[in-house]
Amino acid sequence: MRYINIINLFRQLNFWVTIPYMKEIPKAYNPKAVENKIYQLWENSGYFDPDELPGKRTKHFSISLPPPNVTGKLHIGHSAMLAYQDIMIRFHRMQGDRTLWLPGMDHAAIATQNIVERELKKEGQTRHDLGREKFLARIDDFVAKSKDTIKMQLKAMGASLDWSREQFTLSPELTKTVRIAFKKMYDDGLIYRGDRVVNWCPHCQSTLADDEVEYKEEQGKLYYLKYGPVAIATTRPETKLGDTGLAVNPQDRRYQKLLGKELEIDLAGHKIKVKVFADKAVDMQFGTGAIGVTPAHSLQDYQWAQKYNLGIIKVIDEQGKMTSFAGKYSGLDVLTARKKFVENLTKAGLIEKAEDYNNNLSICYRCGTPVEPLPSKQWFVNVNKKTSRGKSLKQLASEAVKSGQIKMIPDKFTKTYFQWMDNLRDWCISRQIWYGHQIPVWYKNSSGLGAQSPRQEEVIVPKHITELVLMRHGITDWNKENKVQGITNVPLDELSIDEIKKMIPRLKRERFDLIITSPLMRAKQTAEIINEELKIPLAINDLLKERNYGEFEGRNNAELRKEYPDYFEDKINFDIPGNQEESYQKLAKRVKTFLKKVSQEYSDKKILVICHHSVIRTFRMIIDHWDAKKLTAYSPKFNELVNYKILDGDYKMAELRQDPDTLDTWFSSGLWTFSTLGWPEKTKDLKEFHPTSVMETGYDILFFWVARMIIMSTYLIGERPFDNVYLHGLIRTKEGKKMSKSDPETAIDPLDMINQFGSDALRLSLVIGTSAGNDVRIYKEKIEGYRNFVNKLWNISRFILSTVKNPAYSKTAPRAKTLSDQWILGELEKTTELVTKKITRFEFSQAGEQLRHFTWDELADWYLEIAKIEGGKDKILLWILKRILILWHPFIPFVTEEIWQIAFGEKAAAIYELPLLMIEPWPKPQKTEAAASKRFSSLQNVINSFRNFRAEYNIPPTTLISVSAKKNILIKKEEKIINKLARVKFTDVKKGIHLTYGQFDFIIPLGELIDVKKEKKRSELELEIKKKYYESLKKKLSNKQFVEKAPKEIVQREREKQIELEEIIKKLKKKITTL
RNA sequence: GGUCGCAUAGCUCAGUUGGUUAGAGCGUUGCAUUCACAUUGCAAAGGCCCCUGGUUCGAGUCCAGGUGCGACCACCA
């Protein structure tokens, strides 16, 4: 099936390319017209998926795409990353490896939430106005759009990603993986909840990670205040209300007597007690050399408090206001409190002086509000504790690199990595935002306030969660007519069907694993309508049936109400004698059985439960512990979804509250290399593709991401996440500025560039002239230059295809007939070998540069010109074309594939049954002889000499130069080529000027052509340079040490050069005398 | 403050075990263009490889010091 598709596609693509080719191939390559079509061709082939690749493939090669943030669209940095990765992936695919490039995206919690919050702000709303659920739904909409944009961009870059394995860090599957990882670490004692001084933003009402804090120089005041028997300096006097210590340097003699004492200090009426201790971190030179220590409001002081056992007094709260511990300053905001406190201190004569001081203020990277260090309850990962693997996370991650299991490219980053690992502190993984993986921890008997909850709670970290979403069926005629409707089968109302369909997008977002429905017609019908779209397993369960109302079925509710007022009280045990009616108590039994069964059979699934009015009430009665009164007041509507999580089969959820915080986004991205391959299941993918071969990413996230992946992988699965880390540099503007999205002046939009110059040109501009770990400057002119190259390749192909009479596709190399054939085929092999080697060593720039050199400087500028003269090179030309297309394909996939389709599509298919260049086997380089190469460069020398001569004397190319020369074999054999390329005519002139170019000696007849004076001067200059070089060689060779110690080949080479030079000098001298 | 790195043609950069008279692209200059390609061709000019010292037969490459620049980490009362 698939194969037929491809054939059709490529036939469509080049149906017009029959013989003669010439007229049909456009003069210039037009990327816009072919790129989409080509990507489609690849995608339809299925070869991006390793399982679909042809042939026996035993070696594995895999890369996990660093998932782009779903914050909008890709920038040029992504294009660079994609270019490098696609080169490796395509290269290995062509080499015959089972090659996987796994795509996906990152939910980027904080960044994404910020964008949506900003959008909301424009509409005059906050996330709190919407509430958690609606806000998250809004983010989901935004994310869906971002994903589409990003996917389109990835394809535009030509990235050969296996879309069948696409992943998202916040998908239900990866959410489960995150929970399993969390659980494992929690059970191993690596995750703990602790009081810590964290960076708190009073505006965003959230903690900030260390790297989310920015610093700003600010003009402030440094106050010197009397502090009991000593004086201290501070920029934040108001925090001194919470001091519990006094720190001095152990070397400082001034304070020796006070060490270990506890002082009571009066700060203008506010009394504090401080312990005096010594620590070498204290700078004796700064201020008075004594520091008031405020553990609650300084990270450094908090660490001291731990070390020296100091008390912690919180004087500032989460709103940035003073707490009751601040005494009479309580309730004031920080700045007002400072002002008032300083006033009072001044009145009391406690301020010695206040000097101007440049303060390095910490501010929130989002809103710029000064950060308030506060003690707060957060979740942490302990990086120093011994894990069940016998070593700490830090040790595991360090050793993976130290042992050489993971190789970093360039190597310099290994040092940076160790530096960072050694200084790593416990990792705070909780964030006070809504978007992300909600922390999989539930509290019992708590107010559920998470970060700020003061009480001791029982903590539950479940192993299994079954998620139920209850939904009521659509409306029937009986519902409309207010008839009692129990187990009677009544079909849905027409209008109601539309209402249900409207619900589908919302239900789709929930990503259910299955639907369970009551067997009654109205519920079943509802489920079927929904499942037409969702297409997931659907189960019918009798336990979900509505109450049986016995004789009441079908009677009018209002009438019944009059007759049996008690009935509507929904009393649990209500029973009417003689009626078959089912009581709530009986119903409850059924529902409990259902809950038990469902959490056993479908643990870790998310289930849509479609049932009935009274059944939903019963769920609430059981799970939410509702009583009859609450039941009466509650009537579930079909478009209200009721959400439950059942932890480890325990459905008594009323007193359980999930921690409202979410996980640091790096927690889930740390699992990326294996969570995407199916872990913790031992899948085939995981076995085959993990550890991944290469992690290719920017050096700016070495710590944030790469290090965390190593931590997670070495601990959770006991192996490295990847063999190699290739770190590319940052993309900068022409002026060297960082490109940033916020500054559109500096940012180049990759799509825009692709539009103008084509994807291939953009790729080359990002690859050639760059090296690992170094920043890259990118600008329009550069991309334009590579567009020119791509066009050159196009025209080379156009020429070859128009020259050859019968374009045949051959598997074997053609025979060389002439010197130029030998030379170009030799160069081709050398280039193949070099390119292969360079790509294997991650030296993409050099590989590309080498290829460019071969293609343009050797093939186009020399061989093609010679081919026009010598003729009869069809086989060789086609062979070279085929080869360069293969070698170029990883770098510039679009244009090469397009040419391939035009030239060989059908022919290649006949031989390999594979019409696509993307899976063409990579050539194995053949050994070549050096002789042809040497002789050919002599030929080039001769031609260059004449060209040089012509330029110097301004002889137009139309003028044929007559020369006579001692015809050595080379000149004799290649006379025709020299004639044409140098535009000279060999005659038998005897008199004239001897010209010496290199080893060649020519006579040009005297005439207007030559300026004797000029020529003499030029020759003398040349002689001088040669002599100088000769002298240096002579000196080198007469040096005994050199001759003895240097390798023989090098000495030999120098000797040969010396002999050559001697000859040239002789000739030059002779020439000067004849002039 | 700690760590790491960079300095090569006017500009942007290659240069991976130390071994040709140090390379490329762009730009500049001159000439050309019915020819596969002006998105082109031919040719030229342009370098104390930051400075000082050392190791070595030999240093752009290795070592030490200096100067200038940059990045990252930490953050101080």
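A, B, ... follow the sequence lines: proteins, then strands. Residue 1 opens every chain.
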Is [X] touching bases, backbone alone, or none of the nucleic acid, heavy atoms closer than 4.0 Å?
X	value
A/Lys27	sugar-phosphate
A/Glu865	base
A/Phe703	sugar-phosphate
A/Thr235	sugar-phosphate

Under 3.5 Å, N/O pairs linking protein and nucleotides 15-25 of chain B:
unit_1, atom_1, unit_2, atom_2, d
B/U16, N3, A/Glu843, OE2, 2.5
B/U16, O4, A/Glu843, OE2, 2.9
B/U16, O4, A/Gln846, NE2, 3.4
B/U20, O3', A/Tyr1029, OH, 3.3
B/U20, O3', A/Lys1057, NZ, 3.0
B/U21, OP1, A/Tyr1029, OH, 2.3
B/U21, OP1, A/Lys1057, NZ, 3.4
B/A24, O2', A/Glu849, OE2, 3.1

query: What string of B, S and - do you get for nucleotides 41-47 of chain B, 5' to 3', if B is base contact, S is sugar-phosphate-only contact and - is no contact with any protein heavy atom under 4.0 Å?
result: SSSS---

task: Report yes or no: does A/Asn199 contribute a side-chain atom to a donor-acceptor pair with the main-chain N or O of A/Val371 at less than 3.5 Å?
output: no

field: A/Arg950 side chain to A/Pro956 backbone, donor-acceptor under 3.5 Å
entry: yes

Could you tell me how far apart [X] ([atom1]) and [N] ([atom2]) are, to the nearest whole angstrom?
X	N	atom1	atom2	result
A/Lys415	B/G2	NZ	P	17 Å
A/Ile731	B/C13	CD1	P	11 Å
A/Lys737	B/U12	NZ	C1'	17 Å
A/Ile25	B/U39	CD1	P	20 Å
A/Leu730	B/C4	CG	P	20 Å
A/Lys782	B/G27	NZ	P	14 Å
A/Ile800	B/C37	CD1	P	14 Å

Separation between the [atom1] atoms of [N] and [M], rounded to whole Å:
N	M	atom1	answer
B/G10	B/G18	P	29 Å
B/U34	B/A22	P	39 Å
B/C50	B/A9	C1'	15 Å
B/C73	B/C13	C1'	28 Å
B/G2	B/C62	C1'	26 Å

Basic-acidic side-chain contact under 4.0 Å: [X], [Y]:
X	Y	result
A/Lys734	A/Glu781	yes
A/Lys1026	A/Glu1024	no
A/Glu784	A/Arg787	yes

message: Against the six-membered ring of A/Trp888, is A/Arg852 placed for a cation-pi contact (under 6.0 Å from the centre, within 45° of the normal)?
response: no

task: Assess whether one donor atom and one acceptor atom, taken from the side chain of A/Lys412 and the base of B/A71, lie less than 3.5 Å apart.
output: no

- prompt: Does the side chain of A/Val706 reach to within under 4.5 Å of the side chain of A/Phe413, using non-hydrogen atoms?
  reply: no

- request: Find out whether A/Ile409 and A/Val725 are in side-chain contact, i.e. whether some heavy atom of one side chain is under 4.5 Å from a heavy atom of the other.
  value: no

Report all interatomic pairs (protein N or O, nucleotide N or O of nucleotides 68-70 of chain B) with separations under 3.5 Å.
none

[N] - base-pair partner by Watson-Crick or wobble geometry, distances under 3.5 Å:
N	result
B/G23	B/C13
B/C31	B/G41
B/C62	B/G54

- prompt: OP1, OP2 of B/U12 versus side-chain N and O of A/Arg777: anything below 4.0 Å?
  reply: yes

message: Evaluate A/Tyr84 against A/Tyr726 for ring pair (Phe, Tyr, Trp, His ring centres under 6.0 Å), listing each step before the verdict.
response: CA-CA 9 Å; A/Tyr84 301 129; A/Tyr726 180 96; 5.8 Å; yes

- prompt: The side chain of A/Arg798 lies closest to which of these nucleotides: B/A71, B/U39, B/C37?
  reply: B/C37

- line: Walking RNA chain B from its 5' end, the first of A/Thr416 and A/Val776 to be reached, judged by nearest nucleotide, is A/Thr416

field: Option passing ring-ring contact (aromatic ring centres under 6.0 Å, His included) with A/Tyr29 (candidates A/Trp794, A/Phe757, A/Phe789)
entry: A/Trp794

Evaluation steps, side chain to side chain donor-acceptor pair (under 3.5 Å), between A/Ser938 and A/Asn941: CA-CA 5 Å; A/Ser938 291; A/Asn941 264 331; 5.3 Å; no

